[in-house]
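In what follows, a structure is listed as C-alpha cells, so that the remarks can point back to it.
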Number of protein chains: 2
Amino acid sequence: MSDVKAQLQEAFERTGLRQTPQRYDVLAWLVRHRKHATAEEIFDAVNRTNQRLSRATVYNALHALVESGLVRPVAGEGAAARFDATLDRHHHFICDRCGSIEDLTWFDLPSKAMQAAAGGRSVRQVEITLHGICQRCARGKTKQATASV
Amino acid sequence: MSDVKAQLQEAFERTGLRQTPQRYDVLAWLVRHRKHATAEEIFDAVNRTNQRLSRATVYNALHALVESGLVRPVAGEGAAARFDATLDRHHHFICDRCGSIEDLTWFDLPSKAMQAAAGGRSVRQVEITLHGICQRCARGKTKQATASV
DNA sequence: TCCAACTTTAGATTTAGTCTAAATAGTGTG
DNA sequence: CACACTATTTAGACTAAATCTAAAGTTGGA
C-alpha cells in the first residue's frame with residue numbers, strides 16, 4: 001500500500017514531472033487497476049473519491065503522464081482514425097513530434113517467442129509500430145506538433 | 001492505370017466483398033495516395049470527384065474494407081483512447097470480436113532487423129499488438145462486440 | 001512574502017463517428 | 001423480364017470524445 005505510494009512518488013521525481021494530487025490520483029488508479037481504461041472510466045472512478053475533479057484535468061494529467069513516460073497510450077477498438085490500403089506487408093513508424101506516420105519495410109518476428117507469449121490465443125495479425133523522431137523533425141525542420149494523448 | 005483497376009477488381013473478387021462504386025472509389029483513393037488518411041480526408045477527397053457521397057458511406061466502406069482485409073486501420077496521433085500505467089514491459093493482444101485488451105508477457109525483437117528497417121530514425125519505443133480472438137470468445141462465450149473501425 | 005509560472009476548474013465548443021428511416025441498387029429465381 | 005428480397009447509400013440528426021477558454025487556485029523559488 002504505502003509501498004505503492006513511495007513507488008509512485010519516486011516515479012514522479014525520477015521523471016521530473018511535478019506531482020499534483022490529481023496526477024497522483026490518476027496514476028495511482030491506473031496502477032491499481034491494471035485494465036486498459038478509457039479517459040472516461042478514469043474520470044468516473046477517480047471522481048468518485050475525489051469529488052471535484054474536472055474532466056479536462058484527467059486529460060491534462062494523462063497527457064502529462066504519457067509525455068513523461070509513466071503511462072502508455074494503447075490504441076484499442078474504434079480508436080483507429082487512420083487507414084492504409086496496402087496489400088504489401090510493412091510496419092509503421094510514428095513521429096512523437098509531428099505525428100506523421102511512415103511505412104517501414106517489413107522484417108520478420110520471432111514467431112516462436114511470439115506464439116509462446118500469445119498462449120492459447122489465435123492470432124490473425126501482428127502489428128508493429130515504432131515510435132520516435134522522424135528525420136524531418138530530427139533535422140529541426142519541425143513543422144508543428146499535435147501531441148499524442 | 002487500368003492495371004490498378006484490374007488489380008482492385010481482383011481484390012474485391014478474391015475477398016468476396018461486393019464491389020460498389022463507393023467502395024471502389026474509397027479503396028482506389030487509398031491505394032493511389034499512400035498516405036495514412038483519416039476518414040475525413042478520404043471523404044473530402046473522394047467527394048470532390050464523386051459529388052453525392054455521404055460521410056456515412058465512407059465509414060461503411062472503410063468498415064467493410066477493413067473487415068475483408070483490404071484496408072488496415074492504423075492508430076496514429078490522438079487516436080489512443082486507452083491508457084496503461086505499467087512500468088514493466090509487455091505487449092498487447094486485442095480481440096477482434098469483443099475488443100478486449102490483454103497484456104502479453106514481453107518477448108524480444110530482432111533488433112538488428114528493426115534498426116535496419118528504421119533507417120536513420122531514432123526510435124524511442126516499440127509497440128507490438130497482436131490481433132485475433134481471445135480465449136473467452138473462442139470458447140463461444142462471446143459477450144458482445146464493438147466492431148473495430 | 002511575493003511573483004511568475006504552472007495547474008485546475010466548469011462549461012462551452014469542436015470534432016469524429018454512429019444511427020435512422022427512407023430511397024436506391026443489385027441479385028437470384030421463376 | 002418481373003418479382004421479391006437483400007444489401008447499400010443517403011442526408012442529416014444525434015452522441016460521445018476530446019479540446020479549448022478564461023478565470024481561479026497552487027506551487028516553488030527569490
Side-chain angles (χ1 to χ4, degrees), chain A residues 9 12-13 15-27 29 36-68 70-71 73-83 99 144-149, chain B residues 9 12-13 15-27 29 36-68 70-71 73-83 99 144-149:
Chain A
Q9 303 226 344
F12 275 107
E13 279 165 31
T15 61
L17 181 65
R18 184 192 281 187
Q19 178 183 333
T20 70
Q22 292 81 352
R23 284 176 187 167
Y24 181 90
D25 287 353
V26 167
L27 181 57
W29 190 89
H36 305 83
T38 64
E40 195 63 20
E41 286 170 342
I42 299 169
F43 171 71
D44 287 344
V46 176
N47 195 269
R48 203 163 302 131
T49 61
N50 179 353
Q51 215 38 232
R52 28 172 305 163
L53 166 77
S54 152
R55 197 174 310 268
T57 299
V58 171
Y59 283 98
N60 286 345
L62 287 170
H63 275 276
L65 291 166
V66 167
E67 190 86 7
S68 58
L70 296 175
V71 164
V74 183
E77 235 191 304
R82 300 196 118 81
F83 300 87
Q144 45 67 272
T146 313
S148 62
V149 166
Chain B
Q9 303 225 344
F12 275 107
E13 278 165 33
T15 61
L17 181 65
R18 184 193 280 186
Q19 178 183 332
T20 69
Q22 292 82 354
R23 284 176 187 166
Y24 181 90
D25 287 352
V26 168
L27 182 57
W29 190 89
H36 305 82
T38 64
E40 196 64 20
E41 286 170 341
I42 299 169
F43 171 70
D44 287 344
V46 177
N47 194 268
R48 203 161 303 130
T49 61
N50 178 353
Q51 214 36 234
R52 28 172 305 162
L53 166 78
S54 152
R55 196 174 312 267
T57 298
V58 171
Y59 283 97
N60 285 345
L62 286 170
H63 274 277
L65 290 166
V66 168
E67 190 86 7
S68 58
L70 296 176
V71 164
V74 183
E77 234 192 305
R82 298 195 120 80
F83 300 88
Q144 46 69 272
T146 314
S148 61
V149 167

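Naming: A, B, ... by sequence-line order, numbering from 1 per chain.
- Between A/His63 and D/dA18 there is no side-chain polar atom (N or O) within less than 4.0 angstrom of OP1 or OP2.
- Atom C1' of nucleotide D/dA18 and atom CD of A/Glu41 are separated by 16 Å, given to the nearest angstrom.
- Residue A/Arg55 places none of its side-chain N or O atoms closer than 4.0 Å to OP1 or OP2 of C/dT9.
- Atom pair B/Leu65:CG and D/dT8:C1' shows a separation of 13 Å (rounding to whole Å applied).
- For B/Ser54, the listed nucleotide lying nearest its side chain is D/dA11; candidates were C/dT7, D/dA11, D/dA18.
- In this model, the phosphate group of C/dT9 is approached by a side-chain N or O of A/Thr57 to a distance below 4.0 Å at OP1 or OP2.
- Here the nucleotide nearest the side chain of B/Leu53, chosen from C/dG26, D/dT10, C/dT8, is D/dT10.
- Note: CZ (B/Arg23) to P (C/dA25) measures 16 Å, nearest angstrom.
- Comparing C/dG17, D/dT8, C/dT9 by their closest approach to the side chain of A/Gln22 singles out C/dT9.
- Residue contacts for A/Thr20: at a heavy-atom cut-off of 4.0 Å it reaches the sugar-phosphate backbone alone, with no base atom in range.
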Between B/Leu27 and B/Phe12, is a side-chain contact (heavy atoms from CB on, under 4.5 Å) present by the stated rule, with each step listed? CA-CA 10 Å; B/Leu27 182 57; B/Phe12 275 107; 4.0 Å; yes
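- A sub-4.0 Å separation between OP1 or OP2 of C/dG26 and a side-chain N or O of B/Gln19 is absent.
- Heavy-atom minimum distance, B/Ala39 versus B/Val58: O-CG1, 3.8 Å.
- At distances below 3.5 Å, not a single donor-acceptor pair connects side-chain atoms of B/Arg55 with backbone N or O atoms of B/Phe43.
- The B/Ala56 side chain lies nearest to D/dT10 when the options are D/dT10, C/dT8, C/dT9.
- Distance B/Phe83 CZ to D/dA17 P: 13 Å, rounded to the nearest Å.
- For B/Pro21 and B/Glu40, each mapped to the nucleotide of DNA chain C holding its nearest heavy atom, the one lying further toward the 5' end belongs to B/Glu40.
- With B/Gln22 as reference, B/Leu53 is the one residue of B/Asn60, B/Leu53, B/Val46 to meet the side-chain contact (heavy atoms from CB on, under 4.5 Å) rule.
- Side-chain N/O atoms of B/Tyr59 include none lying less than 4.0 angstrom from OP1 or OP2 on C/dT18.
- Taking atom CZ on A/Arg18 and atom C1' on D/dT27, their separation rounds to 5 Å, with Å as the unit.
- Separating the CG atom of B/Asn60 from the P atom of D/dA11 is a distance of 13 Å, rounded to the nearest angstrom.
- At whole-Å resolution of the value, CG in B/Asn47 and P in D/dT9 are 14 Å apart.
- Between A/Ala45 and A/Trp29, the shortest heavy-atom contact is CB-NE1, 3.2 Å.
- The CZ atom of B/Phe12 sits 13 Å away from the C1' atom of D/dT8 (whole-angstrom rounding).
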